[in-house]
Trainee: 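What follows is a structure written as structure tokens; I'll ask about it next.
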Amino acid sequence: MLVSAKEMLTKAKAGHYAVGQFNINNLEWTKAVLQTAEELNSPVILGVSEGAGKYMCGFKTVADMVKAMIESLGITVPVALHLDHGTYEGCYKCIEAGFSSIMFDGSHYPIEENVEKTKELVAVTREKGMSIEAEVGSIGGEEDGVIGMGECADPDECKMIADLGVTMLAAGIGNIHGKYPENWPGLSFETLDAIQQKTGDMPLVLHGGTGIPADMIKKAISLGVSKINVNTECQLAFAEATRKYIEEGKDLAGKGFDPRKLLAPGTEAIKATVREKMELFGSVGKA
Ligand code: 13P
């Protein structure tokens, strides 16, 4: 059964670990993430960007697939199905499609408009028992063709949004989606600390989990990060394993071209990445 992310994140914040959000792209991805979470007895959040939702034939297809898969694979750990960087319209589509959680990314609006729209969505999600993530201060890098420069959020604005009753808050602390450039100065722990002091118990979300060194991840968790998003790293792992399979000519041997065989190494690589992240985030055995 799908659940809201509220309980798993409240527990994570109190227990000083983080729950991973792994973005899904297709059936193999979804199966790999769910099976790894079950194997490790870890709560998990499946992230779906608007672009990935469109690719997978719409949010309803995704929600129905995930629900059916949870049932047929016998998944017992808490699973939240979450819209990643949702637009205002996208949020309503996911609420209707049967997601259990949404992110409204109003970070590009003036703060007053971000507050107004977030407040409205908080009321709607509360009525439906869903969780909601809001964002202050844009995350750098590229996501679905939108390039953000990455900025540190204003802790006072974070408090303003947190006070609206959101479940979790994403705040820019110098993090970037995709690979980190060579000259990346690292996360701003000063900003994170100031945000946590203003927002108290609010679970904080770290986007751009790909490529952040383990020591920085641990420090971020110690300063209140309870949800970490990973997308690109699973894509890189999948692509590398698939390339290796083809370069070794395995698709040409016997029935190696069968998609069940061709996509298997990539799927295993996603599982290994998810496992490594869950171990690092400390969510293993916390279901
Ligand atoms: P990465 O692609 O850098 O892992 O970021 C994922 C993310 O933050 C999704 O919102």
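Position 1 is the first residue of the sequence, and the numbers go up from there. Computed from a predicted structure; not experimentally measured. No hydrogens, no waters, no symmetry mates; every other heavy atom, side chains included, goes into these values. In each ligand, atom 1 is the first atom listed, and ligand 1 is the first ligand listed.
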Trainee: With heavy atoms of His85 as the reference, note each atom of ligand 1 found under 4.0 Å away.
Mentor: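 Counting from 1, the qualifying ligand atoms are 10 (O).
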Trainee: Is there a polar contact between ligand 1 and Thr210, counting only N or O atoms under 3.5 Å apart?
Mentor: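 For ligand 1, there is an N or O atom that lies under 3.5 Å from one belonging to Thr210.
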Trainee: What atoms in ligand 1 come closer than 4.0 Å to a heavy atom of Thr232?
Mentor: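 Near Thr232, meaning under 4.0 Å from one of its heavy atoms, ligand 1 has 1 (P), 2 (O), 3 (O), 4 (O).
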Trainee: Looking at ligand 1, does Gly209 have a heavy atom less than 4.0 Å from it?
Mentor: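 Within the 4.0 Å threshold, so yes.
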Trainee: Only heavy atoms count here, so choose which of Ile212, Val230, Asp84 is nearest to atom 10 (O) of ligand 1.
Mentor: Asp84
Trainee: Taking both backbone and side-chain atoms of His177, is any N or O found less than 3.5 Å from an N or O belonging to ligand 1?
Mentor: yes
Trainee: Enumerate the residue pairs fulfilling ring-ring contact (aromatic ring centres under 6.0 Å, His included) with a member in residues 97-140, sequence neighbours excluded, ordered by first and then second residue.
Mentor: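 Non-adjacent pairs meeting ring-ring contact (aromatic ring centres under 6.0 Å, His included): Phe59-Phe99.
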Trainee: Any nitrogen or oxygen of Glu233, side chain or backbone, less than 3.5 Å from one on ligand 1?
Mentor: no
Trainee: Anything under 3.5 Å between a donor and an acceptor, one on a side chain of residues 261-271, the other on a protein residue two or more places apart or in another chain? List them.
Mentor:
from   : atom 1 : to     : atom 2 : distance (Å)
Thr267 : OG1    : Leu263 : O      : 2.7
Lys271 : NZ     : Gln35  : OE1    : 3.2

Trainee: Are Lys277 and Phe22 in a cation-pi setup, meaning NZ or CZ lies under 6.0 angstrom from the ring centre and within 45 degrees of the ring axis?
Mentor: no
Trainee: Check whether the side chains of Lys13 and Gln196 place a donor and an acceptor atom closer than 3.5 Å, and report yes or no.
Mentor: yes
Trainee: Out of all atoms in ligand 1, which are within 4.0 Å of some heavy atom of Gly178? Include the element for each.
Mentor: 1 (P), 2 (O), 3 (O)
Trainee: Any salt bridge between Glu133 and Lys227, counting N to O under 4.0 Å?
Mentor: yes
Trainee: Using a distance-only test with no angle check, is there a side-chain donor-acceptor pair under 3.5 angstrom linking Gln21 and Asn23?
Mentor: yes
